[in-house]
Asks: 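What follows is a structure written as structure tokens; I'll ask about it next.
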Protein chains: 2
Amino acid sequence: MTEADARRRLVAGAADMIRRRGLNATSIREVAKHAATPLGSTYHYFPGGKQQLAAEAVRFAGETVGRMLAGQLAAGPVDGLRAFLALWREVLVGSEFRAGCPVLAVSVEEAPDEDRLAVLTAAAAVFDGWETQLADSLRDHGVADGEAEELATLVVAAAEGAVALCRAQRSTVPLDRVAARLESLLTAAAG
Amino acid sequence: MTEADARRRLVAGAADMIRRRGLNATSIREVAKHAATPLGSTYHYFPGGKQQLAAEAVRFAGETVGRMLAGQLAAGPVDGLRAFLALWREVLVGSEFRAGCPVLAVSVEEAPDEDRLAVLTAAAAVFDGWETQLADSLRDHGVADGEAEELATLVVAAAEGAVALCRAQRSTVPLDRVAARLESLLTAAAG
DNA sequence: GTCTATACGAAGATAGAC
DNA sequence: GTCTATCTTCGTATAGAC
């Protein structure tokens, strides 16, 4: 299973590079080099080229975070929120504010052709998945349907935005402030 | 004053291209073409090259939004919030979800060298400026210092994140949900 | 001072050798 | 089936003609 291994390394490497540099500055060449895989191989594993690799990287990141979120949400929505924000905090601090969220990164670059649209669609699905997980948990704890959806969207949007603010300011202050407000909001709603 | 005019066109054009494609996919060549300016001229106006142009584009966007925000905040923090979110909504809808916030765009791409760091620093200053305007208005309406800062940061982060979510999903739903929650939050705090 | 033409590197993708 | 070498295009930046 060297093949599946190399493939995984390519997807994980692409996700890491995208969350640092963004999609356009992520080159297949460098992803292949970092994964110790010849350039030609990437087109064997990913006939769709860069866009296919990017779409899989986005889904890979989405699932990784989604699994962690599912585990923590079992203890309640506020625990899920804390874990979600703590994860982004670690990404920021661990990379000295050089890395962020790959799903956010691909969402702010235009999608002109059809291929790029596939990446954007993958990003939309990831965001929607996280929101749904949070909203379900809130509903399970007695929050009304509409309010649960609004709160879940607010959490995802605020977290993603805060990550960007933290990167610009090279400080965790924005994320910490957002965490304080969101926690008190969710505690009041589903405490 | 053809010179100042061409310079302005270059900065405004760069801001528009960055908010659509991101910083890396924005080429000086195309910015110059779109501004009907020869490529060589851009290096006359901006000796620092692409990074200088990008930093000015970020500041330009920051000031444009900041002026609008200042005007609307005169009527109170909730009016400022509404105008801030309405502006991003117009950018999204008016571009068919192809354009977003240029300040966000440059904040999610790595800054390896010193030049790029100047762009990131400009972005940090813009975010900080918007937050300060909002926080000041909240304080003027009786919100305590710490809470005002937290709420201001939450508004900027959530708005920026929501813009990205809307672009991915090609829908204003995320922004509308965020608007509903933020409005009720600010009304409760400073109503 | 303004701009055309070009240098130089790196990108995505593929053709064809092993 | 795997990978090396290459094709083509486009990027930033500049040198030198008007």
Side-chain angles (χ1 to χ4, degrees), chain A residues 1-11 13-18 20-58 105-106 109-120, chain B residues 1-11 13-18 20-58 105-106 109-120:
Chain A
M1 285 299 155
T2 316
E3 161 148 347
D5 233 42
R7 206 180 189 284
R8 229 192 319 273
R9 276 204 311 277
L10 284 169
V11 171
D16 186 58
M17 207 166 290
I18 289 170
R20 291 172 183 272
R21 308 185 181 178
L23 179 52
N24 272 296
T26 295
S27 72
I28 302 260
R29 280 182 135 82
E30 211 161 346
V31 171
K33 186 185 228 174
H34 190 268
T37 305
L39 177 60
S41 295
T42 63
Y43 288 90
H44 170 65
Y45 298 134
F46 307 94
K50 183 176 181 174
Q51 307 308 325
Q52 185 188 350
L53 177 55
E56 292 203 25
V58 166
V106 303
E109 299 183 24
E110 197 175 42
D113 48 35
E114 263 189 39
D115 300 336
R116 280 286 279 279
L117 220 141
V119 181
L120 213 61
Chain B
M1 285 298 156
T2 317
E3 162 147 348
D5 233 40
R7 206 181 188 284
R8 229 194 318 272
R9 276 203 312 275
L10 284 168
V11 171
D16 186 57
M17 208 167 289
I18 290 170
R20 289 173 184 271
R21 308 185 182 178
L23 180 52
N24 271 295
T26 296
S27 73
I28 302 260
R29 273 182 138 84
E30 211 161 347
V31 172
K33 187 185 227 176
H34 190 268
T37 305
L39 177 61
S41 295
T42 63
Y43 289 90
H44 170 66
Y45 298 134
F46 308 93
K50 183 176 180 172
Q51 307 308 325
Q52 185 188 349
L53 177 56
E56 293 203 26
V58 166
V106 304
E109 298 184 25
E110 198 175 40
D113 49 36
E114 264 190 38
D115 299 337
R116 281 286 281 276
L117 219 141
V119 181
L120 213 61

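Letters A, B, ... mirror the listed sequences (proteins, then strands); counts begin at 1.
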Asks: Please round to the nearest 0.5 Å and tell me the distance separating atom CD of B:E110 and atom CE of A:M17.
Replies: 9.5 Å
Asks: What heavy-atom pair brings A:G49 and A:Y43 nearest, and what distance separates the two atoms?
Replies: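 Smallest interatomic distance, heavy atoms only, reads CA-CE2, 3.8 Å.
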Asks: Which atoms form the tightest heavy-atom contact between B:A118 and B:A55, and what is the distance?
Replies: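 Here B:A118 and B:A55 meet closest at O-CB, 4.5 Å.
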Asks: Would you mind listing every side chain to side chain donor-acceptor pair (under 3.5 Å) that reaches into residues 23-39 of chain B, with sequence neighbours excluded?
Replies: B:R21-B:E30, B:N24-B:E109
Asks: Reading nucleotides 9-14 of chain D 5' to 3', which nucleotides get B (base under 4.0 Å from a protein heavy atom), which S (sugar-phosphate only), which -?
Replies: --BBBB
Asks: Please find the earliest and latest nucleotides of DNA chain C, in the 5' to 3' direction, that have an atom within less than 4.0 Å of any heavy atom of chain A.
Replies: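 Terminal contacting nucleotides, 5' to 3': C:dA11 to C:dT14.
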Asks: Name all residues meeting the side chain to side chain contact (heavy atoms under 4.5 Å, CB included) criterion together with A:F46; count only those two or more places apart in sequence or in a different chain, and write none if there are none.
Replies: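 A:F46: side chain to side chain contact (heavy atoms under 4.5 Å, CB included) contacts with A:R7, A:L10, A:V11, A:Q52, A:L53, A:E56.
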Asks: List in chain and number order the residues that pass side chain to side chain contact (heavy atoms under 4.5 Å, CB included) with B:A54, two or more places apart in sequence or in another chain; answer none if no residue qualifies.
Replies: B:I18, B:L23, B:V119
Asks: Just jot down the side chain to side chain contact (heavy atoms under 4.5 Å, CB included) partners of A:A15, sequence neighbours excluded, or say none.
Replies: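 Residues passing side chain to side chain contact (heavy atoms under 4.5 Å, CB included) with A:A15: A:A57, A:F60.
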